[in-house]
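Throughout, numbering of the chain's residues begins at 1 and tracks the sequence. Remember, predicted model here, so these are calculated numbers, not experimental data. Every number for a ligand or one of its atoms is a count from 1 in the order of the listing.
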Amino acid sequence: MSREPLLRLTSAGLYCSRGGFHIDPWSPVACAVITHAHGDHAVRSSRKYLAAASGKLILQHRMGPRAQIQPLAFGEKLNLDGVEVSLHPAGHILGSAQVRVEHKGEVWVVSGDYKVAPDSTCEAFEPVKCHTFITESTFGDPHYHWAPQSVTYAAIHDWWRENQSQGRASLLYAYSLGKAQRILAGLDPSLGPVYAHPNIEQMNELYRQSGVALTATRGWNDTSLITDWPRALILMPPASRWEKGLAFHGHYATAFASGWMVLPDEPGKRGVERGFALSDHADYGELLSAVAATTAERILVTHGYIEDFVATLKSRGYDASPHKTPRCKKPPVVVRT
Ligand SMILES: [Zn+2]
């Protein structure tokens, strides 16, 4: 009889039966170890949560005030029925963690979402050695390569200045949790006032309360926006309906900050004029480097270009296989020219 793997997929998500816990389950469970607070990794109503201490305020906000969250410092070891569990920085958003699980010398690491580019608003990604590595592959295609972020921020600043010269406000769309704060930390506040939509400002506040220094932002309904309009940069969640409430103030330009903006037709599809390829995930080359740094013999690929990335890894000599879950969405087809 074959031995049960240390982690296996169940109807609720990835499960460790020896330790009695799930990792990022999509249904409520008894004990959920959470990699980070994004909605596709953390759901409400589990009896108990284990998560990185630095992201506790954010996770509490997302899971509700009654959720029981046990915070763990990065690297702190917890023994759950003989299984050692520890969390290690994933560099994705504040408090995002890779989960290391060890039993009788066998080590698995679940990456969650991760990025390796520097980001002053969260802990830096840390490679963790293991035997089996479950990696995400959101951008696991050679088409995805990020420019240095200094280049991307320079492009955002140029766009902002150009809009100012034309008397237009700059509406920059970005995911409320993680991306908006990273942008805020990279913006030059001397260029003009920065306003934030309430959904984003709520996250900014949680970051500030968690000890992350962020540039001061002005509120969405701040009346100074009327006079500041042509100089303002306004951070918006990615849903175009939000801008309707602002339109009466005057002309504006729109842009979206996301790794998907590498694809030429993405800005148009999202109804914006410009795209800035700034991602909270590793690009293709960074994924390959991260996998190599784990020294893992076996790689399970989830969340993204699963088949393509498995094939890439196999061609490089890895024992790689797909790890498909109901949360894995089909990524856009990359058109090769
Ligand atoms: Zn995420």
Side-chain angles (χ1 to χ4, degrees), residues 13-14 22-26 32-44 46 49-52 54-63 69 74 87-99 109-119 121-126 128 133-140 144 146 149 173-185 199-200 202-204 206-207 210 212 237-239 256-262 277-284 286-287 290 300-306 309 323-332:
L14 198 57
H22 287 77
I23 298 175
D24 288 356
W26 45 80
V33 180
I34 300 296
T35 62
H36 64 290
H38 279 152
D40 55 343
H41 291 261
V43 297
R44 286 182 171 222
S46 281
Y49 296 90
L50 290 172
S54 56
K56 183 172 184 283
L57 284 180
I58 297 166
L59 189 63
Q60 193 81 60
H61 173 79
R62 288 262 163 129
M63 297 301 99
I69 301 173
F74 283 123
L87 303 178
H88 304 267
H92 176 60
I93 63 170
L94 181 62
S96 63
Q98 303 173 76
V99 183
V109 169
V110 179
S111 75
D113 293 340
Y114 65 96
K115 79 165 179 292
V116 298
D119 177 349
T121 66
C122 70
E123 305 85 356
F125 175 84
E126 201 177 280
V128 183
F133 184 49
I134 304 184
T135 181
E136 61 127 325
S137 61
T138 306
F139 293 108
Y144 298 100
W146 314 142
Q149 60 182 355
Y173 291 91
Y175 294 113
S176 304
L177 171 54
K179 182 66 62 64
Q181 292 72 39
R182 184 179 174 204
I183 290 172
L184 196 50
N199 292 5
I200 289 177
Q202 200 168 38
M203 292 301 147
N204 292 346
L206 290 169
Y207 266 62
S210 303
V212 177
F256 198 101
S258 157
W260 300 113
M261 296 301 132
V262 160
L278 190 74
S279 178
D280 289 341
H281 295 263
D283 70 12
Y284 176 74
E286 291 165 343
L287 285 170
L300 302 177
V301 180
T302 193
H303 209 296
Y305 289 89
I306 298 176
F309 200 58
H323 178 78
K324 287 191 182 166
T325 76
R327 277 192 178 144
C328 295
K329 289 185 207 140
K330 235 180 149 42

Chemist: Residues in side chain to side chain contact (heavy atoms under 4.5 Å, CB included) with V212, at least two apart?
Modeler: L94, T121, Y207, L214
Chemist: What is the number of protein N, O or S atoms that sit under 2.8 Å away from the Zn ion (ligand 1)?
Modeler: 4
Chemist: State which residues pass side chain to side chain donor-acceptor pair (under 3.5 Å) with S210; sequence neighbours excluded, sorted by chain then number.
Modeler: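 Checked S210 against side chain to side chain donor-acceptor pair (under 3.5 Å); zero matches.
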Chemist: Check whether any side-chain N or O of R62 sits under 3.5 Å from a backbone N or O of R44 as a donor-acceptor pair, and report yes or no.
Modeler: no
Chemist: For the pair Y175 and F256, name the ring-plane relationship: parallel under 30°, tilted 30 to 60°, perpendicular over 60°.
Modeler: perpendicular
Chemist: Could you check whether the rings of F133 and Y114 sit parallel, tilted or perpendicular, using 30° and 60° as the cut-offs?
Modeler: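 Rings of F133 and Y114: tilted, as their planes differ by 30° to 60°.
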Chemist: Could you work out, with side chain to side chain donor-acceptor pair (under 3.5 Å) as the rule, every residue matching Q98, not counting sequence neighbours?
Modeler: none
